[in-house]
Amino acid sequence: MKQRKILFIIVLSLLSLTMTSCMSGGTQPAQGWAGVAYHEGVLYTGSMDGAVVVVNPATRTSEWSYDFGVVSSGGFMSCGQTSAPVAMYGTPVVDGDLVYAGLYDGRVLALSSSARRQNLSFPQMREGEWVYPKKGEVGSVVGDLVVSKDAIYVASSDGKVYSLDKVFGDLNWESDIPSEKLWKTPVIEDDTLYVSTFDGCIYSLSTKDGALLPWAFKADIGFASSPAIYQDTIFVGAFDNNLYAIKIGGNEPLWKFQGGRWFWAAPVIREGIVYAGCLDGRMYAISAETGELKWECDTQRPVASSPVWDGDLLIVANGAGEIFVLDTNARPENKVMLPVKTMSVNASVQGALCIHDDIVYVHAQDNCLYALDIARGGINWKLSLTGEEAS
């Protein structure tokens, strides 16, 4: 009963993203919280009106975009029978000329940058473009895609993990997981894929054929975050407001650390320290070995995305659109870390941040892309993803 209540709360959170458009009538705009990826001088993200948008930060203009189209909706996460643009929640994955995107309608797309710049019909087979599934439907894709070697791994809300051929989009295998929904991003270590579930399990699967491997971990409460791995230990947040450290192969947690609310974002680990953002508004630095608190920084608003690194600086965004720059070499006083700089985009941030050459790129919930200068401590430019010019 508790697991169903938690799942209901999560569904309501996602549903709230569409309510404004339902009340306003007409075609619903897509939502989502796609993060930003950087590849060879170009930025990639998913707009909140249902498109992949590719931006040149030097010229502050869109190089190309691809509209995901519309789907007929009338069931879950919809407002009656209507045609609605398709949302994208994960961050695009770039591999050479191809851009991979997982969509809320269950499709996975491979888009060729060269073909999209020419605005050719999709898919251009000779350019390596494809869409999966070609027929039928699968569950919604909410987490990030994972690309490893020649395959793409997709966790779906239908309770399955899919392995797709990276070049052709063919199905390598699909694996049933004993869970109602998979909304988080899997993680791969060697030839094993690990996935956390809302019903409190961590499963291990073979990347070769999708077979469930003997080791699995079962907790008394569901897991809220995607897993992260460091030195054969999985770190994952749960709905009991704890961050867990679980040794792969073990049956009991090594330790758990209590936060004020859920640890929704996946933690990041560096040099024996786990950095975990929490919906209680704090960024925690915790010993990976012992679970001891090293320091915390109170951002005052929920932290729903993982932090990123710029050298020894840790960059954190909260739900109010404030960006905190933390010097991890500084000595906190009474285990309280104060930011060396704070910036703001004045719009909620839920997607993954991106950093390159001391510039932080942020896709905020106002459907704008921001470039923030860490050294200067301010916004360099802002670009609307609906086609307006940069400011």
Side-chain angles (χ1 to χ4, degrees), residues 30 32 34-47 49-59 61-72 83 85-141 143-156 160-175 185-186 188 193 207-210 354 363 369 385 387:
V36 185
Y38 180 96
H39 180 74
E40 295 183 350
V42 181
L43 303 170
Y44 300 79
T45 191
S47 74
D49 50 3
V52 163
V53 181
V54 181
V55 174
N56 186 326
T59 60
T61 58
S62 174
E63 288 200 349
W64 61 266
S65 64
Y66 179 78
D67 193 311
F68 300 140
V70 297
V71 292
S72 176
S83 293
V86 181
M88 178 178 177
Y89 288 89
T91 302
V93 178
V94 187
D95 186 8
D97 184 58
L98 293 180
V99 182
Y100 300 100
L103 308 183
Y104 192 75
D105 68 355
R107 287 179 294 161
V108 179
L109 307 180
L111 301 160
S112 164
S113 287
S114 57
R116 294 308 102 219
R117 286 190 181 96
Q118 301 174 66
N119 199 27
L120 302 177
S121 60
F122 176 83
Q124 288 288 308
M125 305 304 292
R126 63 182 178 276
E127 297 290 343
E129 293 189 322
W130 50 261
V131 57
Y132 179 89
K134 297 177 177 63
K135 295 181 180 180
E137 295 182 356
V138 299
S140 302
V141 180
D144 290 343
L145 305 177
V146 177
V147 176
S148 178
K149 299 178 181 177
D150 295 327
I152 297 173
Y153 301 92
V154 186
S156 170
K160 297 179 180 179
V161 175
Y162 295 83
S163 171
L164 307 178
D165 184 276
K166 188 172 67 173
V167 177
F168 301 106
D170 296 330
L171 178 66
N172 295 324
W173 51 257
E174 61 182 68
S175 178
T185 305
I188 292 177
L193 181 146
T207 58
K208 296 178 181 178
D209 57 11
C354 176
H363 177 207
L369 182 64
L385 298 181

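Positions are given from 1 along the sequence.
Between the S47 side chain and the A51 main chain, a donor and an acceptor come within less than 3.5 Å of each other. Formation of a donor-acceptor pair under 3.5 Å by the T91 side chain with backbone atoms of A37 is not found in this model. Not one N or O on the side chain of S140 forms a donor-acceptor pair closer than 3.5 Å with the backbone of G106. D97 places no side-chain N or O within 3.5 Å of a backbone atom of S112 that could act as its donor or acceptor partner. Side-chain atoms of Y132 never come within 3.5 Å of backbone atoms of D165 as a donor-acceptor pair (strictly under, hydrogens ignored).
Here the straight-line distance linking atom OG1 of T207 with atom NZ of K149 works out to 6.5 Å at 0.5 Å rounding. Between atom CG of residue L164 and atom CG of residue D170 there is a gap of 8.5 Å, rounded to the nearest 0.5 Å. A distance of 8.5 Å separates CG of L98 from CD1 of I152, quoted to the nearest 0.5 Å. Rounding to the nearest 0.5 Å places OG1 of T45 at 15.5 Å from OH of Y38. Here OH of Y153 is found 7.0 Å from CG of N172. Values are rounded to the nearest 0.5 Å. Note that CD of E40 and OG of S113 are 9.5 Å apart. Values are rounded to the nearest 0.5 Å.
When all heavy atoms of Y104 and V86 are compared, the closest pair comes out as N-CG1, 4.1 Å. Summarising the geometry of S148 relative to I188, their closest heavy-atom pair is CB-CD1, 3.7 Å, with the distance given to 0.1 Å. Pairing each heavy atom of A151 with each of S163, the nearest pair is CB-OG, 3.8 Å. Across all non-hydrogen atoms, the minimal contact from L145 to G102 is CD1-N, 3.7 Å. Listed here is the closest heavy atom pair of A110 and G128: CB-O, 4.1 Å. Nearest heavy atom pair, residue Y66 against residue L111, reads CD2-CD2, 3.8 Å.
Taking 4.5 Å as the limit, every side-chain heavy atom of V93 sits out of range of all side-chain heavy atoms of D144. Side-chain contact between S62 and V53 is present, with heavy atoms from C-beta onward closer than 4.5 Å. At least one side-chain heavy atom of V146 sits under 4.5 Å from a side-chain heavy atom of T185.
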* CA sep, side-chain torsions, deciding dist, call: V138, K160, side chain to side chain contact (heavy atoms under 4.5 Å, CB included) -> CA-CA 9 Å; V138 299; K160 297 179 180 179; over 6 Å; no

* **Check against side chain to side chain contact (heavy atoms under 4.5 Å, CB included), L369 and L385** => CA-CA 7 Å; L369 182 64; L385 298 181; 4.1 Å; yes

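When the side chain to side chain donor-acceptor pair (under 3.5 Å) test is applied to N56, the partners found at least two apart in sequence or on another chain are E63. Take Y162 and apply the side chain to side chain donor-acceptor pair (under 3.5 Å) test, not counting sequence neighbours, and it matches D158.
Using a 30° and 60° split on the angle between ring planes, W64 and Y44 fall in the perpendicular class, above 60°.
The list of side-chain hydrogen bond (donor to acceptor under 3.5 Å, both in side chains) pairs with a residue in residues 122-131, not counting sequence neighbours, reads S114-E127, R116-E129, S121-Q124, Q124-R126.
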